[in-house]
Amino acid sequence: MAFGILEDYSVEKVPGTGLLSDQGIVHGHEVNIDEAKDLKRGTGKYAHVVLIPQPSDDPRDPLNWPSWKKEACFWTLVFAASLDGALSPMVGPGYVLLAKQFNVSVDNVTSSFGFILLGLGIFMLAQNALAVKFGHRIVYLVSVSLMFISCIWCALSPNLASIRASRLFQGFGMSALQSLVASTLEQIYCVHERGSRSVIWSFSIMAGITLGPLICSYVIQNLSWEFGFWFVSIPLGMTVIGVFFFVPETTFNRQEAIRMSKKRETDRSSVDKEKPEVSEAEDVESMGDRSSSPLPAPPSYPSQLKIWHGSFTDESIFRIFLRPFPFLLSPVTWFLFLSHGMQTVWLSLVPLCSSTIFTLEYNFNAAQIGLTNLGGIVGIVLAMAVTGPLNDLGVVWMSKRNRGMYEPEFRLVFMLSMLFGVFGYVGWAVGNDHRMPWIGAVACITMLNFSMVVSGSAAVTYLLDTHRANALHIFALSNFGKNMVLYASTFFANGMVLSRGVKVSLLILGACQAVCWLASVPMYVFGKRVRAFIARHPELFRGDLPVEG
């Protein structure tokens, strides 16, 4: 029993548990772990960290990419994700103004612009199947292109019907950057690198969600809401170019590469046994001949710019589309939905309703409402500064004190940050009832965003560590459910604030946040047994994707 995590003895090796450190603390003394001596390890300050998963010897393996290539791919997707986050709530501060312009209710305007969430939900599962069948690169390219084209369409929309259609296609394009990036992180980074990368990815989305309305509020106030979409289309066009040049295909069959590597080693051993005795010079020469041919050459940069790489599996699109649904039986799916998906829903309702809340309570205009998002920026910057380094270093520290063994549940310690969200909602509700100044409400928004970045990245990283290649399916399911709930909320959220009041509405959100946090407690305690249950019942979880050791 490591740090309160219940052990499981029903299977020999529980998936997700692995040797992460070549050193361990036993009875207060640091000792070397013998099992780690033949395994590949990190470099520099991570020289004592055992790589999970173990990279193959193939230079085409994304785990073997040079650092600059990984960084170029990662930061291009991070930039794209920030624009993705900005698109959904960017017009939020102007919903009251737009309701007057179109002579409809605020909820009508919210639901019209909320069509982007419907597109997100519908296409979430479809892009998952396309990525498995045809690779990640072509899906990313199509996604950012759709975002760019639909942004221009939205700017040219003369009425709410056209806005709904353009936002629907915008949602189609946004889906990959909200779910597929997690799978890309799993493909190009090892376990000890994923935590900080997940924090940065979460930060980029949250930065877009907070900065988008802030910047757009001034545009709406001084120009028009259409100009907001024109301005966003410029960096989106740059993103299309960036994805084309810096995001190569990351899909790679590592198990097959490792199998071929073992076959080459076996062939070499058999040749060594059969060859007659020769001089030392001839032996060196023959070794050079044998070592020069087996491994494939690294792919050239122009060859990686191909958009179409063919099919990566012979399985039909329809069967791949159905893959995620058996994972509804996995407790990890429901944990992710509650702790990450639903927490995103509560937080997303804040900018959706901010126009109503701050107009009612403080009589703010669109620009002033946009400035309240500065609290969110402070929250996510604090979250990245504090948690970014701790996420990966923390699990290495805990593994070292667990005789070098890593348990994915170590990530869930960071779920405690969800309590900051509870305090934020309740504090805002109580303070609002006592005529709290606007700076207090902004401070509460800071707490909400801090909670989302820290706990959200921990939940996503936990999913990657437990389900690995099948994590894409679960993340797609969770995001589908999240976006459907959020889209449904756009029809009544502002109406609820108007009818029930700000205090009751925020207390409801605080209670929902607390319930979602409670889901992480049994997941931490029983998580290892859940992973063992999934391993014992492969017939229930037919992801049909290889699980790496």
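When a residue number appears, it is its place in the shown sequence, counting from 1. All values below come from the heavy atoms of this structure, side chains included, with hydrogens, waters and symmetry mates left out.
Side chain of N479 to backbone of M124: no donor-acceptor contact under 3.5 angstrom is found. Of the possible donor and acceptor atoms, none in the side chain of S202 sits under 3.5 Å from a partner among the backbone N and O of G456. Side chain of Y140 to backbone of L180: a donor-acceptor contact under 3.5 angstrom is found.
In this structure, CG on L347 lies 12.5 Å from CE on M342, to the nearest 0.5 angstrom. Going from atom CG of N253 over to atom OG1 of T313 covers 10.0 Å, rounded to the nearest 0.5 Å. Residue I320 holds its CD1 atom at 13.0 Å from CG of L125, rounded to the nearest 0.5 Å. I138 contributes atom CD1, which lies 8.5 Å from atom CG of L130 (distance to the nearest 0.5 angstrom). If you take CD1 on I188 and CG on L63, they are separated by 9.0 Å, rounding to the nearest 0.5 Å. To the nearest 0.5 Å, atoms CZ (F203) and CD1 (I377) are separated by 6.5 Å.
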Could you pull out every donor-acceptor pair under 3.5 Å between side chains of residues 229-246 and any protein atom, sequence neighbours left out?
from : atom 1 : to   : atom 2 : distance (Å)
S233 : OG     : W230 : O      : 2.5
T239 : OG1    : P235 : O      : 2.8

For residues 147-162, dump all side-chain donor-acceptor pairs below 3.5 Å to protein atoms at least two apart in sequence or in another chain.
from : atom 1 : to   : atom 2 : distance (Å)
S150 : OG     : L146 : O      : 2.6
S150 : OG     : M147 : O      : 3.3
W153 : NE1    : S162 : OG     : 3.3
S157 : OG     : W153 : O      : 3.0
S157 : OG     : C154 : O      : 3.4
S157 : OG     : S162 : OG     : 2.9
N159 : OD1    : A161 : N      : 3.3
N159 : OD1    : S162 : N      : 2.9

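Residues S455 and W517 have side chains not in contact (no heavy-atom distance under 4.5 Å, counting atoms from C-beta outward). Two residues are said to be in side-chain contact when any heavy atoms from C-beta on lie closer than 4.5 Å; M484 and L118 meet this criterion. Considering only heavy atoms from C-beta on, H473 stays 4.5 Å or farther from L477 through its side chain. You'll find the side chain of S520 reaches within 4.5 Å of the side chain of F335, heavy atoms only. For the pair M452 and M418, the minimum side-chain heavy-atom distance is 4.5 Å or more. Side-chain contact between M174 and S143: absent, with no pair of heavy atoms (C-beta onward) separated by less than 4.5 Å. Between K133 and F312 the shortest side-chain heavy-atom distance does not fall below 4.5 Å. Within the 4.5 Å cutoff, no side-chain heavy atoms of L464 are placed close to those of F475.
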Checking T250 against W65 for the side-chain contact (heavy atoms from CB on, under 4.5 Å) test, could you report, in this order, the C-alpha distance in whole Å, the side-chain angles of both residues, the deciding distance, and whether it holds? CA-CA 10 Å; T250 57; W65 283 358; 3.6 Å; yes

May I have the step-by-step check of side-chain contact (heavy atoms from CB on, under 4.5 Å) for E315 and V132, ending in yes or no? CA-CA 10 Å; E315 198 171 1; V132 172; over 6 Å; no

Could you walk me through whether I205 and S82 pass the side-chain contact (heavy atoms from CB on, under 4.5 Å) check? CA-CA 5 Å; I205 294 177; S82 65; over 6 Å; no

Kindly determine whether I317 and F134 satisfy side-chain contact (heavy atoms from CB on, under 4.5 Å), including the steps that lead there. CA-CA 10 Å; I317 281 285; F134 303 114; 4.0 Å; yes

Start with the C-alpha distance between E249 and K306, add both sets of side-chain angles, then the distance that settles salt bridge (charged side-chain N to carboxylate O under 4.0 Å, His left out), and finish with yes or no. CA-CA 9 Å; E249 182 55 59; K306 285 196 308 181; over 6 Å; no

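Using modelled atom types and a 3.5 Å distance limit, the side chains of H340 and S478 yield no donor-acceptor pair.
The stretch residues 442-453 participates, sequence neighbours left out, in these side chain to side chain donor-acceptor pair (under 3.5 Å) pairs: Q343-S451, S451-Q513. Note on residues 440-466: pairs passing salt bridge (Lys or Arg N to Asp or Glu O under 4.0 Å), not counting sequence neighbours, are R194-D465, R411-D465. Pairs passing the salt bridge (Lys or Arg N to Asp or Glu O under 4.0 Å) check and including a residue from residues 62-91, sequence neighbours excluded, read E71-R197.
In this structure F123 satisfies the ring-ring contact (aromatic ring centres under 6.0 Å, His included) test together with F172, sequence neighbours excluded. Listed by chain and number, the residues in a side chain to side chain contact (heavy atoms under 4.5 Å, CB included) with S56 are D58, D61, N64, F252, R254, A257, I258 (sequence neighbours excluded). With sequence neighbours excluded, no residue forms a ring-ring contact (aromatic ring centres under 6.0 Å, His included) with W68. With sequence neighbours excluded, no residue satisfies side-chain hydrogen bond (donor to acceptor under 3.5 Å, both in side chains) with Y425. The side-chain hydrogen bond (donor to acceptor under 3.5 Å, both in side chains) search around R137 returns none, not counting sequence neighbours. Every side-chain hydrogen bond (donor to acceptor under 3.5 Å, both in side chains) that T461 has, sequence neighbours left out, goes to S198. Under the ring-ring contact (aromatic ring centres under 6.0 Å, His included) criterion, F450 pairs with F420, sequence neighbours left out.
Other residues, nucleotides and ligands contribute over 12 non-hydrogen atoms within 6.0 Å of the OH atom of Y301. No more than 12 heavy atoms of other residues, nucleotides or ligands sit less than 6.0 Å from atom CZ of F169. Enclosure of atom CZ in F227 is not indicated, since only 12 or fewer non-hydrogen atoms of other residues, nucleotides or ligands lie within 6.0 angstrom.
In this structure, W201 has its ring center at least 6.0 angstrom away from the ring center of F74.
In terms of heavy-atom proximity, Q304 sits nearest to P248 at OE1-CB, 3.6 Å. In terms of heavy-atom proximity, Q127 sits nearest to S175 at CG-OG, 3.4 Å. Scanning all heavy atoms of the two residues, the minimum distance from C73 to T184 falls at SG-CG2, 4.5 Å. For the residue pair A383 and V454, the shortest heavy atom distance occurs at CB-CG2, 3.7 Å. Between I116 and Q170, the shortest heavy-atom contact is CD1-OE1, 3.4 Å. Counting all heavy atoms, side chain and backbone alike, M415 lies closest to S339 at CE-CB, 3.5 Å.
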